[in-house]
Each structure stands twice: as C-alpha cells, then as structure tokens.
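Below you'll find the structure, written out as structure tokens, and then a few comments.
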Amino acid sequence: MNGDSTEQRVALRELHSGDAETIYAYRTDPGVARYQGWTPRSLDEVRAFIARLSEHEAYSPDTWHQLGIELRSAGALIGDCGVHVLADGAQAEFGITLAPAYHGRGYADEAVRALLAMLFGTLEKHRVFASVDPRNERSIALMERLGFRREAHFVESLWFKEAWADDVIFAMLEREWQ
C-alpha cells in the first residue's frame with residue numbers, strides 16, 4: 001500500500017506561528033471540533049501550542065508532534081496531523097484534521113499516504129494506528145480506503161467531551177503498507 005505518488009497535491013510540513021489563525025478557524029468549527037480531542041479556546045492557545053512544538057525532539061518515544069498539511073498549489077495550510085510515537089519507539093498513533101472547505105476532495109488520502117511514507121519509510125515504524133469515533137463516517141471511510149485493518153471497537157471506553165464514547169482502532173503494519 002505504498003502511497004508514493006509522482007504528483008502530490010499536499011505536503012506535510014512543520015507548523016509555524018503564521019498558521020495560528022487558520023488552525024484556530026478550522027479547529028473551532030463545530031463540525032470539526034465534534035471529533036477532535038483538542039479544541040482551542042483562543043488564538044493565543046494555538047500560538048502557544050505551536051511554540052511548544054520546538055521544545056521536544058520530534059518523533060521521539062512517548063511524544064506527540066503536529067505537522068501542517070499544506071495545499072501545494074496555493075501554499076495554504078488546509079489541516080494538520082498529529083503523530084504520537086509510543087514509548088516502545090516502534091509504533092505510532094496518528095490523527096488528522098482538515099478544514100471543512102477541503103473535505104471530500106481526496107486531500108486526507110494524500111496526507112495520510114505521505115504520513116505513512118514518513119512513518120514506515122523514513123522513521124521505520126512497525127505499526128501505525130488511529131483511534132476513530134465510530135460516528136465519524138468520513139474518517140472510517142478514509143481508513144478503509146487506505147487499507148487499514150479494523151482491530152477493535154471499544155464500547156464507552158473514552159470519557160470524551162463530557163460523555164462516554166466508543167473508540168474504533170484502525171491499524172496497519174509496515175509489511176501491509178509495502
């Protein structure tokens with residue numbers, strides 16, 4: 001399932017302070033925030049979050065790192081993805097967020113393929129997985145389209161936004177990506 005493509009419309013890149021307003025706008029959209037663990041309360045919170053990214057070594061075990069998803073043709077930030085390298089160093093969890101104006105155009109597919117190329121290729125991870133709210137039909141369709149295996153459906157296993165929520169785990173091994 002190697003996602004290398006000669007003409008990617010999106011690129012993953014480090015976030016910078018100029019991204020704060022865009023991130024705040026899409027992450028506070030109610031349709032986006034519904035499924036996100038982090039909904040910023042202010043623009044200053046987003047700026048502080050971006051500033052903190054440089055305080056740790058990216059992709060070191062037991063850390064989260066956030067990357068921007070940029071639309072190459074416009075040089076515009078259209079979303080972000082987070083990567084959590086587990087303490088064992090061989091596995092990584094990821095999440096992806098796109099601004100609503102960019103939903104349904106295949107950008108998420110391209111961003112996750114680029115992320116998998118980095119995680120399995122460059123960073124040599126053994127297993128990559130995502131936690132998805134089962135009500136998030138778009139994310140479930142994305143995982144299935146990209147060949148992720150549905151490993152588990154945990155019932156009311158997360159206290160999320162003041163209520164118990166289900167959690168579906170999708171995963172892929174490096175050999176399945178190849």
Side-chain angles (χ1 to χ4, degrees), residues 10 12 15 19-53 55-56 58-69 77-88 90-116 119 125 127-173:
V10 301
L12 301 180
L15 293 173
D19 295 326
E21 288 185 22
T22 302
I23 292 170
Y24 182 74
Y26 67 74
R27 283 230 173 219
T28 56
D29 179 280
V32 172
R34 176 179 185 194
Y35 301 116
Q36 298 299 317
W38 177 55
T39 303
R41 293 181 298 270
S42 69
L43 189 53
D44 285 339
E45 183 180 335
V46 178
R47 287 184 183 118
F49 173 79
I50 292 169
R52 280 193 309 273
L53 289 173
E55 294 176 3
H56 64 82
Y59 316 114
S60 59
D62 214 20
T63 63
W64 275 95
H65 189 70
Q66 209 77 13
L67 294 167
I69 302 169
L77 184 75
I78 64 169
D80 61 83
C81 54
V83 176
H84 173 222
V85 176
L86 275 59
D88 66 13
Q91 300 181 78
E93 178 180 5
F94 76 95
I96 183 170
T97 306
L98 278 184
Y102 300 96
H103 288 183
R105 298 183 187 185
Y107 296 131
D109 295 52
E110 290 182 29
V112 173
R113 283 187 183 108
L115 190 62
L116 291 172
L119 292 170
K125 299 303 171 202
R127 179 176 172 270
V128 172
F129 68 97
S131 166
V132 179
D133 185 315
R135 299 169 297 181
N136 190 340
E137 295 172 4
R138 285 181 181 261
S139 288
I140 288 174
L142 171 68
M143 296 295 110
E144 291 172 344
R145 231 179 5 261
L146 295 178
F148 280 82
R149 178 182 59 265
R150 185 184 300 230
E151 288 191 337
H153 183 142
F154 297 106
V155 177
E156 294 186 13
S157 61
L158 293 173
W159 183 250
F160 184 72
K161 304 212 179 211
E162 305 302 317
W164 286 104
D166 287 10
D167 186 24
V168 178
I169 304 299
F170 287 89
M172 182 181 290
L173 298 174

What pair of heavy atoms forms the shortest contact from [X] to [Y], and how long is it?
X	Y	result
Ser139	Val132	CB-CG1, 3.7 Å
Ile23	Ile50	CD1-CD1, 3.9 Å
Ala92	Leu119	CB-CD2, 4.2 Å
Pro134	Val168	CB-CG2, 3.7 Å
Val85	Tyr59	CG2-O, 3.6 Å
Pro40	Val46	CB-CG2, 3.5 Å

Residues in side chain to side chain donor-acceptor pair (under 3.5 Å) contact with [X], at least two apart in sequence or another chain:
X	answer
Thr97	Arg27, Gln36
Arg47	Asp44
Arg105	none

Of all residues at least two apart in sequence or in a different chain, which pass the side-chain contact (heavy atoms from CB on, under 4.5 Å) check with [X]?
X	result
Trp64	His84, Glu93
Ala90	Asp88, His126
Asp29	Val32, Pro100

What residues, two or more places apart in sequence or in another chain, satisfy salt bridge (Lys or Arg N to Asp or Glu O under 4.0 Å) together with [X]?
X	result
Glu21	none
Arg138	none
Arg41	Glu45
Asp109	Arg145

Subject >> side chain to side chain contact (heavy atoms under 4.5 Å, CB included) between Asp80 and Asp19, intermediate numbers included >> reply: CA-CA 10 Å; Asp80 61 83; Asp19 295 326; over 6 Å; no
**OP:** Just grab all the ring pair (Phe, Tyr, Trp, His ring centres under 6.0 Å) pairs involving residues 138-163, residues at least two apart or on different chains.
**Re:** Phe94-Phe148, Trp159-Trp164
Subject >> Listed once per pair and sorted, the ring pair (Phe, Tyr, Trp, His ring centres under 6.0 Å) pairs that draw on residues 26-51, sequence neighbours left out >> reply: Trp38-Phe49
**OP:** Could you tell me whether the side chain of Met172 reaches within less than 4.5 Å of the side chain of Met143, counting heavy atoms only?
**Re:** no
Subject >> Side-chain heavy-atom pair Phe170, Leu142 within 4.5 angstrom cut-off >> reply: no
Original post:
Can you tell me if Asp166 uses its side chain to pair, donor with acceptor, with the backbone of Glu156 under 3.5 Å?
Top reply: yes
**OP:** For Lys161 and Ala33, indicate whether the former's side chain and the latter's backbone hold a donor-acceptor pair under 3.5 Å.
**Re:** yes
Subject >> Sole residue of Leu12, Val112, Leu98 in side chain to side chain contact (heavy atoms under 4.5 Å, CB included) with Cys81 >> reply: Leu12
**OP:** Determine, step by step, whether Leu173 and Arg149 satisfy the side chain to side chain contact (heavy atoms under 4.5 Å, CB included) criterion, reporting the C-alpha distance in whole Å, the side-chain angles of both residues, the deciding distance to 0.1 Å, and the verdict.
**Re:** CA-CA 9 Å; Leu173 298 174; Arg149 178 182 59 265; 4.1 Å; yes
Original post:
Under 3.5 Å, is there a donor-acceptor pair between the Asp167 and Ser131 side chains?
Top reply: yes
Original post:
For Tyr107 and Ile69, what are the C-alpha separation, side-chain angles and deciding distance, and is it a side chain to side chain contact (heavy atoms under 4.5 Å, CB included)?
Top reply: CA-CA 9 Å; Tyr107 296 131; Ile69 302 169; 5.7 Å; no
Original post:
When rounded to the nearest 0.5 angstrom, what distance separates CD1 in Ile140 from CG in Asp133?
Top reply: 7.5 Å
